[in-house]
2 protein chains.
Amino acid sequence: MVFNSRDYIPNLSYDAVIFGFSAEKLKILILEYHNTGTFALPGGFVRRDESLETAVNKGLSERTGIDQIYLEQFHTFGSLERSDPTIMRRIFEAQGISSDDDWVLDRFLTVGYYALINYEKVNPTPDVFSDSIGWYDFDALPKLMQDHSLIVGRAIEHLRANLDRKLLSFNLLPEFFTMKDLQLVYESILGEPQNRANFQRKMLSLDILERHEKRFSGGSHKAPFLYSFKK
Amino acid sequence: MVFNSRDYIPNLSYDAVIFGFSAEKLKILILEYHNTGTFALPGGFVRRDESLETAVNKGLSERTGIDQIYLEQFHTFGSLERSDPTIMRRIFEAQGISSDDDWVLDRFLTVGYYALINYEKVNPTPDVFSDSIGWYDFDALPKLMQDHSLIVGRAIEHLRANLDRKLLSFNLLPEFFTMKDLQLVYESILGEPQNRANFQRKMLSLDILERHEKRFSGGSHKAPFLYSFKK
DNA sequence: TTAATATTGTTTCTGTATGAAACAATAGTA
DNA sequence: TACTATTGTTTCATACAGAAACAATATTAA
């Protein structure tokens, strides 16, 4: 595998915090470089002949197998300390990737994006630099390389601030879900419990949910309605 | 004047929407390239040996004469269409600036910032590319080059969304001001009138204002109190 | 068949915030 | 001294949010 630096915008990358929801927990996709013990956010570079948006969409589509991911740009990180040629050299050597020059070892600024996706539809696929990619509980992440932990922190801040305003939660759920599912998504993102009665009242008052038949889970109690988001 | 491309991060710039408030109106600083009839946002490039934040702070400090400007990064623009080598070449030639290569004519991504400053303290200073810089009413801006109008639009959106949450309004006002002044700032940013009684009640309930002696303006009516923001 | 239990759906009560209007105070002018 | 314009405050009605209680129901156990 050979990178040709002339095809890419130098000194600029993007990194994505990809959120999913499963087993009542908020998760994010993390890459692992097995031979280096390094964990990182999925990211990539921008070709000279494509827009930033296109680069990110294409890259994340390759990582997840999903097209038309909900994506939000939230911050561009440009400190001097964030670049670390040593670790980049190790990763490249471990993967047997060569470049026609040392452009990847140079300083990089990175544009941070977060994405919300339906966990069930994802087919996680490692990129050319890494051996594996997988879901990690948001509240039990491994130590991430460079400033990627900071990037995750800023991502969740922006997600929290926009959760209501942009009605983002449905991107994390399958088509049909119960009110409890929805509440769990909110609670896992906001990091605090929500009052059940008030949450239900608020969601119904938004007039964005369609109520369907009940789901009989087998539990010895009243069965919850299923909902979907209005199109 | 000669730029040395090796000192700068290529293909990356920043542009700033600098808000001020005067004569009951919201204004922004706009550069003009006299010999080209082109208007633009103040902006600049990032040196390889300085952080993005440092570059922006330094650049805006040079344009306004103010240090420690309140600055907020809000979006990075990376479309293919936003670059226009023709106009860049004209501007450079008109100003007699030469570069050791054509790096400024290449594609650029730009990081958008907005700034809020005390109008009275500003000493507007053109940059090396432009002949003049001045305040323009926010609701009567000239046609701006490239995608700068779009950048302004996104800036005001973010400013509106953060006005309350981050208590930004005081950055636009002098140390002492009346409740009416404050309300005018809010109205000019939000673009809609606020109820006088409720606005006053809300501001006072925030517990961020210190009340001082009255200001006798000479009008034949009750004199308003002066306020300052609590430190 | 019936009682028990866990969970869901809804209502009620309460305090707080918000919008609209009225009232009160006052610095200057006629 | 009356009048006017503006500011400071209060009042009233309404909407919203937190907490708790009540009602409904799917299953299990007696």
Side-chain angles (χ1 to χ4, degrees), chain A residues 23-24 160-167 169-170 173-230, chain B residues 23-25 160-167 169-170 173-174 176-230:
Chain A
E24 308 194 347
R160 278 176 186 151
N162 290 316
L163 189 57
D164 271 325
R165 204 162 53 75
K166 300 193 176 179
L167 299 172
S169 47
F170 75 93
L173 286 168
E175 187 177 359
F176 296 100
F177 51 87
T178 66
M179 191 60 77
K180 174 140 207 169
D181 294 334
L182 186 57
Q183 186 174 341
L184 283 168
V185 167
Y186 264 76
E187 290 178 338
S188 66
I189 292 174
L190 299 176
E192 58 188 21
Q194 304 290 112
N195 180 286
R196 189 178 61 87
N198 299 332
F199 182 82
Q200 175 134 338
R201 181 172 52 189
K202 183 178 157 190
M203 286 299 133
L204 293 179
S205 76
L206 291 176
D207 198 37
I208 53 165
L209 295 179
E210 211 152 346
R211 180 178 280 186
H212 303 277
E213 76 286 1
K214 294 182 176 180
R215 179 168 73 191
F216 298 88
S217 62
S220 59
H221 52 74
K222 187 171 179 177
F225 289 109
L226 284 174
Y227 294 89
S228 67
F229 284 93
K230 285 185 181 171
Chain B
E24 309 194 347
K25 291 221 171 192
R160 279 176 185 152
N162 290 316
L163 188 57
D164 271 324
R165 204 163 52 75
K166 299 193 177 178
L167 300 173
S169 45
F170 74 92
L173 287 168
F176 295 99
F177 51 88
T178 65
M179 192 59 77
K180 174 141 206 169
D181 294 333
L182 186 57
Q183 186 174 342
L184 283 168
V185 167
Y186 263 76
E187 290 178 338
S188 65
I189 291 174
L190 298 176
E192 58 188 21
Q194 304 290 112
N195 181 286
R196 190 178 59 88
N198 299 331
F199 181 83
Q200 175 135 336
R201 179 171 53 189
K202 184 177 156 190
M203 286 300 132
L204 293 179
S205 75
L206 291 176
D207 198 37
I208 53 166
L209 295 180
E210 212 154 345
R211 180 179 280 186
H212 303 277
E213 76 285 4
K214 293 183 176 181
R215 178 169 73 192
F216 297 89
S217 62
S220 60
H221 52 74
K222 188 171 180 177
F225 289 109
L226 284 175
Y227 294 90
S228 67
F229 284 93
K230 285 186 181 170

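Just so we're on the same page: letters track the sequence lines, and every chain starts at 1. No hydrogens, no waters, no symmetry mates; every other heavy atom, side chains included, goes into these values.
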Separation of D:dG8 P from B:Asp181 CG (nearest whole Å): 11 Å

Point-to-point distance, once rounded to the nearest 0.5 Å, from CG of B:Leu167 to CD1 of B:Ile208: 4.5 Å

Nucleotide-resolved protein contact map, nucleotides 24-30 of chain C, B/S/- at heavy-atom distance under 4.0 Å: -BBBB--

Check: A:Phe177 ring centroid to A:Phe225 ring centroid under 6.0 Å: no

Spacing between A:Leu206 atom CG and D:dA15 atom P, to the nearest angstrom: 17 Å

Considering all heavy atoms, the nearest B:Arg211-B:Leu204 contact: NH2-CD1, 4.3 Å

Test item: A:Gln194 side-chain N/O and A:Tyr186 main-chain N/O as donor-acceptor pair under 3.5 Å: no

Nucleotide of D:dT9, C:dG9, D:dT7 approaching B:Ala197 most closely (side-chain heavy atoms): D:dT9

Separation of B:Asp164 CG from B:Met203 CE (nearest 0.5 Å): 5.5 Å

Within-4.5 Å side-chain heavy-atom neighbours: B:Leu184 and B:Lys25: no

Test item: B:Asn198 side-chain N/O and B:Asn195 main-chain N/O as donor-acceptor pair under 3.5 Å: no

Short side-chain N/O contact from A:Gln200 to OP1 or OP2 of C:dT10, under 4.0 Å: yes

All N/O pairs under 3.5 Å across the protein-nucleotides 15-19 of chain C interface:
residue: C:dG19; atom: N7; partner: B:Asn198; partner atom: OD1; Å: 3.4
residue: C:dG19; atom: N7; partner: B:Arg201; partner atom: NH2; Å: 3.1

Separation of B:Leu173 CG from B:Asp181 CG (nearest 0.5 Å): 6.5 Å

Atom-pair distance (CG on A:Leu226; P on C:dT8), nearest Å: 12 Å

Atom of A:Leu163, atom of A:Ser169 and distance for their closest heavy-atom approach: CD1-N, 4.1 Å

Centroid-centroid under 6.0 Å between B:Tyr227 and B:His212 rings: no

Crowding at CD, A:Glu24 (>12 non-hydrogen neighbours, <6.0 Å): no

Difference in axis direction between the ends of the helix from C:dT1-D:dA30 to C:dA30-D:dT1, five pairs, 10°: 30°

